[in-house]
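Report on one structure; see the data block that follows.
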Amino acid sequence: MSYTPRWEVRMRPQGSPAELERRRLRAIDLLQRDVPVHVVADRLGVDRRSVRRWKRAHRGRGRAGLRARPASGRPPKLTAAQRKQLARLVVAGPEAAGYATSLWTCRRIVDVIRQQFKVIYHPDHVGRLLRACGFSPQRPQPRAKERNDRRVREWIQQDWARVKKTRPPGRAPDLPR
């Protein structure tokens, strides 16, 4: 068993509310079989205080005291269906949304969300929203619009060797002193 200092900040346990409820019910089942609190805590990978809190809740309210509660916090502004629709809009590209260039920015996505769903997001939050939809930030390749890849390849094959600085034959490479 590992020692956890009292001042350590505990985070919300991992798992769905249903999984967490099953874990609490498993703890009560073990406690009713006269398994000591510290053994239940070790088996379930939780703190002893949690097991004691679950025991008190079960004693006071029964199974209802162990019921899963929805996660706290503000509900999302977009529904799951709207997020899927947003993902389709992002994949379609900015040109399909009426923009002149093929670069998505957070401000552009805020505008698309406002137009399509009548919901206002702050541009700083859009990155988190897109990550939740499965996207990651990408940087565009800086290339000139006038670039001709065929001519670049030809230049590298024909002229690069002539322009490139080389050492005279037989001379050792210059090393920094």
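Basis for what follows: all heavy atoms, side chains included, without hydrogens, waters or symmetry-related copies. The structure displayed is predicted, hence computed values, not measured ones.
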| note | With sequence neighbours left out, the residues meeting salt bridge (Lys or Arg N to Asp or Glu O under 4.0 Å) with Asp29 are Arg26, Arg33
| field | Results of salt bridge (Lys or Arg N to Asp or Glu O under 4.0 Å) for Arg114 - residues two or more places apart only | value | Asp111
| field | Leu25 and Trp54: CA distance, side-chain angles, deciding distance, side chain to side chain contact (heavy atoms under 4.5 Å, CB included) verdict | value | CA-CA 9 Å; Leu25 292 171; Trp54 300 338; over 6 Å; no
| field | With sequence neighbours excluded, residues passing side chain to side chain contact (heavy atoms under 4.5 Å, CB included) with Ala92 | value | Ala96
| said: Test of understanding: with side chain to side chain donor-acceptor pair (under 3.5 Å), list the residues that count as partners of Arg128, not counting sequence neighbours. | reply: His125
| said: Restricting to non-hydrogen atoms, name the atom on Pro94 and the atom on Ser102 that form the minimum distance, rounded to 0.1 Å. | reply: CG-C, 3.7 Å
| said: Check whether Arg108 reaches the backbone of Leu103 with its side chain - one donor and one acceptor, N or O, closer than 3.5 Å. | reply: yes
| said: Counting neighbours of CZ on Arg147 that are heavy atoms of other residues, nucleotides or ligands and sit closer than 6.0 Å, is the number greater than 12? | reply: yes
| What residues, two or more places apart in sequence or in another chain, satisfy side chain to side chain contact (heavy atoms under 4.5 Å, CB included) together with Ala80? | Arg83
| request: Return each pair, listed once, that meets ring pair (Phe, Tyr, Trp, His ring centres under 6.0 Å) where at least one residue sits in residues 140-166; pairs must be two or more places apart or across chains. | output: Trp155-Trp160
| task | Tell me, please, which residues at least two apart from Ala68 pass side chain to side chain contact (heavy atoms under 4.5 Å, CB included). | result | Pro17, Glu21
| Which hydrophobic side chains are connected to Tyr99, either touching it within the sub-4.5 Å cutoff or through other members that do? | Leu78, Leu86, Leu89, Val90, Val91, Trp104, Ile109, Val110, Val112, Ile113, Phe117, Val119, Tyr121, Val126, Leu129, Leu130, Phe135
| said: Please give me the minimum heavy-atom distance between His58 and Leu66, naming the atom from each residue. | reply: CD2-CD1, 3.8 Å
| said: Can you confirm whether Leu31 sits close enough to Val35 that some side-chain heavy atom of one is under 4.5 Å from a side-chain heavy atom of the other? | reply: no
| field | Close side-chain approach of Arg52 and Arg49, heavy atoms under 4.5 Å | value | yes
| query | Would you say the side chain of Arg131 lies within less than 4.5 Å of the side chain of Pro137, judging by non-hydrogen atoms? | reply | yes
| Looking at residues at least two apart in the chain, or sitting in another chain, which of them share a salt bridge (Lys or Arg N to Asp or Glu O under 4.0 Å) with Asp34? | none
| request: Quick one: pull up CD in Gln85 and SG in Cys133 and give me the separation to the nearest 0.5 Å. | output: 11.5 Å
| request: Please list, chain by chain and in numerical order, all residues satisfying side chain to side chain donor-acceptor pair (under 3.5 Å) with Arg43, sequence neighbours excluded. | output: none
| field | Which atom of Lys77 lies closest to which atom of Gln82, heavy atoms considered | value | O-OE1, 3.9 Å
| said: Gln138: which residues meet the side chain to side chain donor-acceptor pair (under 3.5 Å) condition with it, sequence neighbours left out? | reply: Ser136
| task | Mind checking side chain to side chain contact (heavy atoms under 4.5 Å, CB included) for Arg153 and listing every partner two or more places apart, or none if nothing turns up? | result | Asp149, Arg150
| message | Rounded to the nearest 0.5 Å, what separates atom CZ in Arg151 from atom CD in Glu146? | response | 12.5 Å
